[in-house]
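What follows is a set of notes on a single structure, which appears directly below.
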Amino acid sequence: MIEIRDPSCTRCALHKTAQFVCLIDKGIKPSEVMILGEAPGKREDDTGRPFVGRSGQYLRRILDEHHVEGFIGNAVNCRPPDNRSPTSTEITACRYWLDKQLSVVKPKFVLLLGNVALESALQMRGIAKLRGKPIERDGIHYFPTWHPSYVLRNEWDQATFDTDIAAFARLIKQVKTPSVTNPVLVEDEATFRRMLTQLRGSVSFDIETTGLYPWKGEIVVLGFGTRKHQFIVPMPISDEWMADLDDVIQDCQLITQFGKFDSLWLRVKHGIRWTSSFDVGLAHYLIDENAPHDLEYIAKRFLGAEPWDVPLKVKQGHHGIPALVEYFAKDLHYTRALKFVLDEKLEPCLKKIFKHIMMPCVGLFTEIEFDGVYVNVDKFDEAEEYLRGEVAAALKALKRWQPPDTFKGKRVIKRIPFNWGSTKQVGYLLFTTLKIPIVEKTKKGAASTSESVLKRIDHPLVASLLKLRGAQQQLSFFIEGWKPFLVDGRWLHPSFKLHGTVTGRLSSEHPNLQQVPRDPRIRQLIDAPPGWELIEADLSQIELRVACELARERQMMYAFHHDIDIHWLTLLNELSRTMAMPELIMGTAARLSNRQLNYSESVRVLLERGPDAAIEVNFEWKERRKKAKAINFGYLYGMWWKKFRIYARDNYDVILTDKEAQDSRKAFFSSYPDITPWHTRQQNFARRNGYVLSLSGRKRHLPDALDPYDTPPRAEALRQAINAPVQSFANELNLMSALQLRAEFPRSIVRICGTVHDSILARVKKEHVVEVGKRLLEIMKHPILLDTFGITLSVPIEAELKVGPWSLGVSLEKYIKRQNENQPESRKAMASMPRRLRV
DNA sequence: TACTCTAGCGCG
DNA sequence: AAAGCGCGCTAGAGTA
């Protein structure tokens, strides 16, 4: 420890006004890292202690968070009067003391806070341009960023400051620990055996393949990373080697980068089950859902790695194994190295989600993807034929309006045949040739030909055009689109991305199981093979229930506890507000109660009897309830009345005046009085913290919410602040149930086919449908993992089960009844059922 | 020829 | 930069 300061320094005029002259930390010793600030502030000057002011404390906190420590000094060591910044003269004068500090501390890394530090250390100005970019001079790595006091004044820049400090921490790590790979090519028996002896404990695992779809492609290499080596095993290998490897791997903790992919390939190609213990990509997803999650990005961010990616052809082995060794070794090295960094970085709540939901889902979804979903081939061909007929008919009907040929662009480039699928050509036909007035424009300014626009155009061709689009789309999405993915002509293996969304929901692709139309013609193609039944279990109105829980909304809470249909409640609230539809309401109520009632009594009767009874009396209620559903979701998540007008028009052909739309929005919030305070709470939290939390502790980062000005991005972030926790938790409930279903029944009885946000799709052995169905409903109402997370819900959770081809499924009671009709001897199943199942 | 973007539309 | 949120897939059109 050395003291270098001189209290009688007179190198500049500041010594005349400062209480404390030459305020340098007393104990200086060598340190790899130095942080250079501007000058002492009032608090420092008053106490004689450095970095005790507001910005000093803030700085220490951020540095702590990123595990950066080192000697903290200032560019100027006496407090300038009137809170002004030091002048260039003062900075130059005090450079003497900076040199002294540098000569004692001997830093390798210097963090420069603000323009004054930048000028003092490097004689450069312009922090706005230079911040975030490391500058190396005389063997020292300088890193300029803003001064913390600036950041405190401009709190929307806090996120950037934070990433700057993170980048500085990375810089330190990178220079200190350069990436070292030590690849071993495993081709002979001796090397293979040596590898087996070294595969212990934490081993990173990765493969390279010739494609994305394991049913169409080959594995090129297997790779295993240990602390010292990266073992690279060219494929194929003998069954004996594979068996011995399998034995050893079962005792290792595998670290992977999106290891579901690798596990699936191994399962499909070799029938072996390797499960990841720690997935780097998924950990990173929980830490920062907004960022990319590829290994190269994560490794750059947390280990300062330089890019090492190679062209796809190289990875696929087209240039021989030696060409991919270096690349593949880096993958294995960084995957393993990142485990230790990210494990540290996961906060307790996120770690819980990681451990109890995300990692178990890797295993679950490997299996889901492996098992696939069964497609009814006969119906598939039938649907194809029907749709082709529809397309042909629509084209024929459109023929009379079709121009002979049209030209591409303004200048005649070439003749191309008229294409009803081209929005551009259709737009030209409608709005130029036929002179129909333009209704709406697209984002880029072209005349829109969307469904909503076409519906508002009074011309005989629109009906056929809409028909064409519908049929053409179903044909190309779900018939042609599925064909390349069909395995053995009847199995689809959709893939699920566990990191597919920013809210924690999954996404599905190749093909996307989550966007199969509800239209039975398509949906029923998804079924179960002979001997099995398809079941679909969904969480009823789950997002509204979760929103109700979070908002502690009393009206909704009452409705859910008394089994009142929430969309129905909203509808009746909406109608009774203006005493609207008296004939419909009083008429239906009269039919239901067999006597004449006044308006408000009628509303009460309808509320009690529920929508199904009302729909039986008058089918009009069905559409009305659907509309109320839209009201619930729209307004709940911050929809504005203008959008609601459009929504009502496009989906329900309901034309509302501005006033009516405004009133309906007001009415929604007054019939659910706790929604607005919840919105406010969420928005304030997001504005203060830049993120929001779900019930399970998942974070949704919303940096735009920190902006002090009411900008569109901020408005968007504030709406997301309301929606994200709801969506996120609803999905987690579904995943918890799926995990439990798998844990409770063997694969010989139940195979899960996929999840669709709030529902589970599975096939069950015929003899076990009732047993499994009943249990699944129980699970969904209270998955055991809720207790693990210590979550107690006030709102009841309900679930519904359907048995049979997708979209054609029937309730368990109906299913049992049907079974008994077909085979009267199986009465036992009926006897085991409760009188009335809650569905 | 291969890639990216957009419009439009399917789902929750 | 404007006011429900979250996705993926296709064809057409534009660009390299």
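Note on naming: letters A, B, ... go to the chains in the order of the sequence lines (proteins, then strands), and numbering restarts at 1 for each one. These numbers come from the heavy atoms of this one structure, side chains and all, not from hydrogens, waters or symmetry mates.
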Does OP1 or OP2 of [N] have a side-chain N or O of [X] closer than 4.0 Å?
| X | N | result |
| --- | --- | --- |
| A:Lys643 | C:dA2 | no |
| A:Arg518 | B:dC9 | no |
| A:Ser422 | C:dA13 | yes |

Mind checking the P distance from B:dA7 to C:dA3? Whole angstroms is fine.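 Each nucleotide's P atom is 15 Å from the other's.
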Mind checking the P distance from B:dT6 to C:dA2? Whole angstroms is fine. 16 Å
With respect to the side chain of [X], which nucleotide from [options] is positioned closest?
| X | options | answer |
| --- | --- | --- |
| A:Arg700 | C:dG6, C:dC7, C:dG4 | C:dG6 |
| A:His757 | C:dG8, C:dG6, C:dG12 | C:dG6 |
| A:Thr501 | C:dC9, C:dA2, C:dC7 | C:dC7 |
| A:Glu509 | C:dC9, C:dA13, C:dC5 | C:dC9 |
| A:Arg719 | B:dG12, C:dA13, C:dG4 | C:dG4 |

Nearest heavy-atom contact between A:Glu369 and A:Pro494 is CG-O, 3.3 Å
Looking only at heavy atoms, the pair that brings A:Ala686 and A:Val692 closest together is CB-CG1, 3.9 Å
Partner set under side-chain hydrogen bond (donor to acceptor under 3.5 Å, both in side chains) for [X], not counting sequence neighbours:
| X | value |
| --- | --- |
| A:Gln524 | A:Lys379 |
| A:Asp458 | none |
| A:Trp568 | none |

Between [atom2] of [N] and [atom1] of [X], the distance in whole Å:
| X | N | atom1 | atom2 | result |
| --- | --- | --- | --- | --- |
| A:Asp519 | B:dC11 | CG | C1' | 13 Å |
| A:Tyr672 | C:dG4 | OH | P | 20 Å |
| A:Glu543 | C:dC7 | CD | P | 13 Å |
| A:Gln682 | C:dC5 | CD | P | 15 Å |
| A:Asn512 | C:dT10 | CG | P | 10 Å |
| A:Phe485 | C:dC9 | CZ | C1' | 10 Å |
| A:Tyr637 | C:dA3 | OH | C1' | 17 Å |
| A:Tyr635 | C:dC5 | OH | C1' | 16 Å |

Is a donor-acceptor contact shorter than 3.5 angstrom present between the side chain of A:Gln515 and the base of C:dG8?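 Such a pair exists between side chain and base.
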Side-chain donor/acceptor of A:Gln727 to base of C:dC5, under 3.5 Å: yes
Under 3.5 Å, N/O pairs linking protein and nucleotides 3-7 of chain B:
residue: B:dA7; atom: OP2; partner: A:Lys443; partner atom: N; Å: 3.3

Ring of A:Trp641, cation from A:Arg665 - is the NZ or CZ under 6.0 Å from the centre and inside 45° of the axis? no
Taking the six-membered ring of A:Tyr386, is the NZ or CZ of A:Arg521 close enough (under 6.0 Å from the centre) and on axis enough (within 45°)? yes
Do A:Gln425 and A:Trp420 have side-chain N/O donor and acceptor atoms under 3.5 Å apart? no
Whether the A:His701 and A:Asn290 side chains hold a donor-acceptor pair (N or O, under 3.5 Å, no angle test) is what I'd like checked. no
Name the nucleic acid region contacted by [X], choosing base, sugar-phosphate or nothing; use a 4.0 angstrom heavy-atom cut-off, strictly under.
| X | value |
| --- | --- |
| A:Arg523 | sugar-phosphate |
| A:Pro517 | sugar-phosphate |
| A:Val516 | sugar-phosphate |
| A:Gln472 | nothing |
| A:Asn419 | sugar-phosphate |
| A:Ser759 | nothing |
| A:Lys642 | nothing |
| A:Arg505 | base |

Please determine if A:Asp710 and A:Arg714 form a salt bridge, counting it only when a charged side-chain N lies under 4.0 Å from a carboxylate O.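 Judged by the 4.0 Å cut-off on N to carboxylate O distance, A:Asp710 and A:Arg714 do form a salt bridge.
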Ring centres under 6.0 Å, that's the criterion: do A:Phe685 and A:Tyr691 meet it?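 Ring centroids of A:Phe685 and A:Tyr691 are less than 6.0 Å from each other.
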With A:Arg625, which residues qualify under salt bridge (Lys or Arg N to Asp or Glu O under 4.0 Å), at least two apart?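 Testing A:Arg625 for salt bridge (Lys or Arg N to Asp or Glu O under 4.0 Å), a comparison that skips the adjacent residues, returns A:Asp565.
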Please work out the stems of DNA chain C from pairs that are Watson-Crick or G-U wobble with both distances under 3.5 Å, keeping only runs of three or more consecutive pairs.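 Correct response: B:1-12 with C:5-16.
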